[in-house]
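Basis for what follows: all heavy atoms, side chains included, without hydrogens, waters or symmetry-related copies. Model, not experiment: these values are computed from the prediction.
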Amino acid sequence: MTERAEQRRVRAEEADALLYLLLSKACDALGLPAEGVALVAVGGYGREELSPYSDLDVMLVHVDDYPRVDELAAQIWYPLWDSRTRLDHSVRTIAEARAAAADDIRVALGLLDARHVAGDSHLTLELRSVLMADWRRTAKKRLPALAEACRDRASNVGEVAHLAEPDLKEAYGGLRDAVVLRALVASWLIDVPHPVVERARRDLLDVRDELHAVAGRATDRLVADVAADVARGMGMPDREALLRHVYATGRALAHVCDVSWRRVESLAAKPSRPRRRRTGGGPLLLALDEGVGQHEGEVVLMPDARPERDAVIGLRAAAVAADRGLVLSPAVCGRLARHAIDLPTPWPGEARRLFCAALGAGEGLLEVWEALDQSGYISRILPEWDAVRFRPPQSAVHRYTVDRHLLETCVEASRLVRDVRRPDLLFVAALVHDLGKGVEGDHSVTGAVIAEKVCRRLGFNEADVAAVALLVRQHLTLSQVATRRDLDDPMTVDLIAGIVGDTDTLDLLEALTYADARAAGPAAASPWRMRLVGELARRVRAELAGGGASLWTDAPPIPIPSLHQVAGIGEIGVAVSDQHGDLRVVVAVPDQVGSLATVAGVMAVERLAVRSAVITSSEGLGISQWSVSGSAPDPVRLRDRLAVALRDDTDLVRRLTARDSPARELGRHQPSRVDLLPGASETATVLQVRAHDRPALLYDVTSAIAAAGADVRSAHASTLGADCVDVFYLTDADGSPLEDEDSRILVKTVLDRLSFGALGSIDG
């Protein structure tokens, strides 16, 4: 027990002694029996958590026929009021206490901590027994209302971990939530990590004790005027150190609350008592990806998963959980932090892809990252994070701590993936753009150096490293120039054009500017400021439209191996190889309208997650090269399944529909984008598709193209984070670019297929 905890206990004992004396004197003065009446401490007093200026929360409990109870109460309360003791009091029978608890959830929570102080101890024991039994009997029905009250409180007050002047009691992750967690445990529905909760509760109480001592009154809000004095009283160097301690404590408690409420929701969704033995239904453990499954609403590792040997499985679990909006099991997080093998440097391509997929998952990222951060896994894969964890904002413009701001920037960036060519670079830049705030110097300059180091470790090529470093170094430039310079001055446009060099980088910088501002708060993302940024970007884009080489260059196309020894003209061939750790599948099929869609569908049914693809035609064969993840397929099995599907795709469509439907729903929050790229080719119509990645995406697009009567001359598919950017070179039956009207119909056909999910047979 800490010194302050001991002081709280002593205060409670002193209050107990005073109340014992007052009850004894009152009973003697009125000639009343001590049996049938009791003084009971409830709430914080019941938990012996009295800070220097805390209220005494006391209930006088009595049997129904106890005489002159109002006079007895007055004999107890008046001396306390005369001594200016802060008192919250009530007088009730056990039946009245039960009724009050049933009517008001906050009363119910306070009474769960009822503790005998004086009088008839048997009465207190009966009270505790019936109240606890009532709570356990009704908790499952009452918890939704409690959850709603907690959400409303969090919305109105904010979170302990993200307030410049946190409310230690009412803010989310504060002392009120520690009480809620005690109630959840008392319900016997779930358990919580007691050491984490008790340590957080004790730490917040210690800070509140010092806050009361410094302020000289009862208060729960750690305001700036007294924070430095509180820090000194706590033995900390300054206000920032105190805030980081409070933020870390609040974050830990909030994370336990998040996980606990998720588990409560999962329990509430289940029937309490099935009337008959279940003979069907879904499996208890549902496989989601290689080595990763779902159990009772949480993402877990499959029984055969071995993080001790598979360095990528932690990122795979994180990406799946974030993308599906699921909880990452705390047990899994702890196992990864303790036992996962270190990722090699540089990271393999699969690790980098999964990392970017998690960063681009939107709101789902926040809880998954928090779970991994609390367990210590983030420190292992991104040690630079430690310098900004819980770091308070230095500007009133920012509403979050530095680390949370970076994650919120990723969330905002995920809404802009359709506006940039390289969303993976946008996500990484969003994550690292303020890491420089953890070291001395201009955070944009120091952050660019950190960004280069991180990106090289992640395995990006030097062009991509340079692009992210530029984004970090210049992430404030668009906003500053737009609001401080004359946009009509050609030199203003030339300045930005000279910095970015090409439209792709401009798109990324503009998206990062928007995401950063929106994550910071309303002041940074005012309509006026965002309008000026957009206008500056528009003018620079017009200036750059005539040329400018990209800062990065596309990787050269992979040489197409000759499959004619395997397939022959008009036949089917499959070759599988491992290219420096990347699984490559090369397929040759008859070159006809719709055959590419069939290949894409078979790949999805075989659970081969497509990371990139290059498709071309040669001597009557449609040759496609696929970079995939998953278990290496059997070439003979794949060839046989292709042969069946090319003859009749009925079974293929049925399997795709069953596998793709859940993933399709996940992508509806971010509409797909289908664009023609005029001027991209003189000999073909070029179609670009940006959409959320899912198993049958490429099948949907290519089957829609086939249904529109267009032929795919070549295609270039790539998965960037959680999204795909696919480019198709299309011709008509004569090998010429599509007519304008046919192009418009094609765009609508593809967009309708992606929007409404009409999986159907291939036309042609």
ask   = What's the spacing between L416 CG and L508 CG if we round to 0.5 Å?
value = 10.5 Å
inquiry  = Using the rule given for side-chain contact (heavy atoms from CB on, under 4.5 Å), can you reason through L471 versus H433, listing the C-alpha separation, both sets of side-chain angles and the distance that settles it, and then say yes or no?
reply    = CA-CA 8 Å; L471 293 174; H433 76 275; over 6 Å; no
ask   = With under 30° as parallel and over 60° as perpendicular, where do the rings of W369 and F355 fit, or are they tilted in between?
value = tilted
task = May I ask you to decide if A224's main-chain N or O and E165's side chain share a donor-acceptor pair within less than 3.5 Å?
result = yes
task = Please report the C-alpha distance between Y514 and M530 in whole Å, then the side-chain angles of each, then the deciding distance to 0.1 Å, and finally whether the side-chain contact (heavy atoms from CB on, under 4.5 Å) criterion is met.
result = CA-CA 7 Å; Y514 291 146; M530 295 298 94; 3.5 Å; yes
query = Do NZ/NE/NH1/NH2 and the carboxylate oxygens of R485 and D489 come within less than 4.0 Å?
reply = no
key: F390 six-ring centre to R251 NZ/CZ under 6.0 Å and within 45° of normal   = no
remark   = Contacts of D373 meeting side-chain hydrogen bond (donor to acceptor under 3.5 Å, both in side chains) (sequence neighbours excluded), chain-then-number -> W385, R389
request  = Check whether any side-chain N or O of T702 sits under 3.5 Å from a backbone N or O of Y699 as a donor-acceptor pair, and report yes or no.
outcome  = yes
note = Shortest non-hydrogen pair, P166 vs Y247, comes out as CG-CE2, 4.4 Å
message = What I want to find out is whether R518 reaches E408 closely enough, with some N-O distance under 4.0 Å, to be called a salt bridge.
response = no
key: Rounded distance (nearest 0.5 Å) linking atom OG1 of T477 with atom CG of L536   = 10.5 Å
Test: E535 and R531 ion pair at under 4.0 Å = no
request  = Decide yes or no on ring pair (Phe, Tyr, Trp, His ring centres under 6.0 Å) for H162 and H398, but give the supporting numbers first.
outcome  = CA-CA 10 Å; H162 307 304; H398 283 267; over 10 Å; no
message = Does this structure show an ion pair linking D464 with R422, if we count only N-O contacts that are shorter than 4.0 Å?
response = yes
ask   = Going from OG1 on T505 to CD on Q474, what distance comes out if it is rounded to the nearest 0.5 angstrom?
value = 11.0 Å
inquiry  = If only side-chain N and O atoms count, and only distance matters, is there a donor-acceptor pair under 3.5 Å linking W347 with T345?
reply    = no
key: Note: D742-R744 ion pair, threshold 4.0 Å (strictly below)   = no
key: Sidechain-backbone polar pair: S155 side chain, R151 backbone, donor-acceptor under 3.5 Å   = no
Distance-only donor-acceptor pairs under 3.5 Å for side chains of residues 358-368, two or more places apart:
unit_1: E363; atom_1: OE2; unit_2: R415; atom_2: NH2; d: 3.3
unit_1: E367; atom_1: OE1; unit_2: R262; atom_2: NE; d: 3.4
unit_1: E367; atom_1: OE1; unit_2: R262; atom_2: NH2; d: 3.3

task = Validate the cation-pi geometry between R404 and Y400: distance from NZ or CZ to the six-membered ring centre under 6.0 Å, angle to the ring axis within 45°.
result = yes
query = Are the side chain of R316 and the backbone of D289 linked by a donor-acceptor contact shorter than 3.5 Å?
reply = no
task = For W528 and L532, run side-chain contact (heavy atoms from CB on, under 4.5 Å): C-alpha distance rounded to whole Å, both residues' side-chain angles, the deciding distance at 0.1 Å, then the answer.
result = CA-CA 6 Å; W528 166 78; L532 287 178; 3.4 Å; yes
message = Is there a salt bridge (Lys or Arg N to Asp or Glu O under 4.0 Å) between E510 and R538? Walk through the geometry before answering.
response = CA-CA 10 Å; E510 183 182 13; R538 184 188 68 78; over 6 Å; no
request  = Working to the nearest 0.5 Å, report the span between CG of N156 and CG of D152.
outcome  = 6.5 Å
query = Hey, what do you get for CG (L687) to CG (L730), rounding to the nearest 0.5 Å?
reply = 5.5 Å
inquiry  = Can you confirm whether R457 sits close enough to L343 that some side-chain heavy atom of one is under 4.5 Å from a side-chain heavy atom of the other?
reply    = no
inquiry  = Restricting to non-hydrogen atoms, name the atom on A351 and the atom on L315 that form the minimum distance, rounded to 0.1 Å.
reply    = O-CD1, 3.5 Å
task = Walk me through it: do R713 and D711 pass the test salt bridge (Lys or Arg N to Asp or Glu O under 4.0 Å)?
result = CA-CA 6 Å; R713 191 181 77 187; D711 187 24; over 6 Å; no
D424/R353 salt bridge by N-O under 4.0 Å criterion = no
query = Is there side-chain contact between T683 and Y729, with at least one heavy-atom pair below 4.5 Å?
reply = no
ask   = Can R391 and E240 be said to form a side-chain contact (heavy atoms from CB on, under 4.5 Å), step by step?
value = CA-CA 8 Å; R391 181 172 288 275; E240 179 173 324; 2.9 Å; yes
query = Which value, rounded to the nearest 0.5 Å, describes the distance between T401 atom OG1 and L243 atom CG?
reply = 10.5 Å
task = Kindly say whether L458 contributes a backbone atom to a donor-acceptor pair with the side chain of R352 at under 3.5 angstrom?
result = yes
task = Just jot down the side-chain contact (heavy atoms from CB on, under 4.5 Å) partners of A171, sequence neighbours excluded, or say none.
result = V157, V160, L163, D167
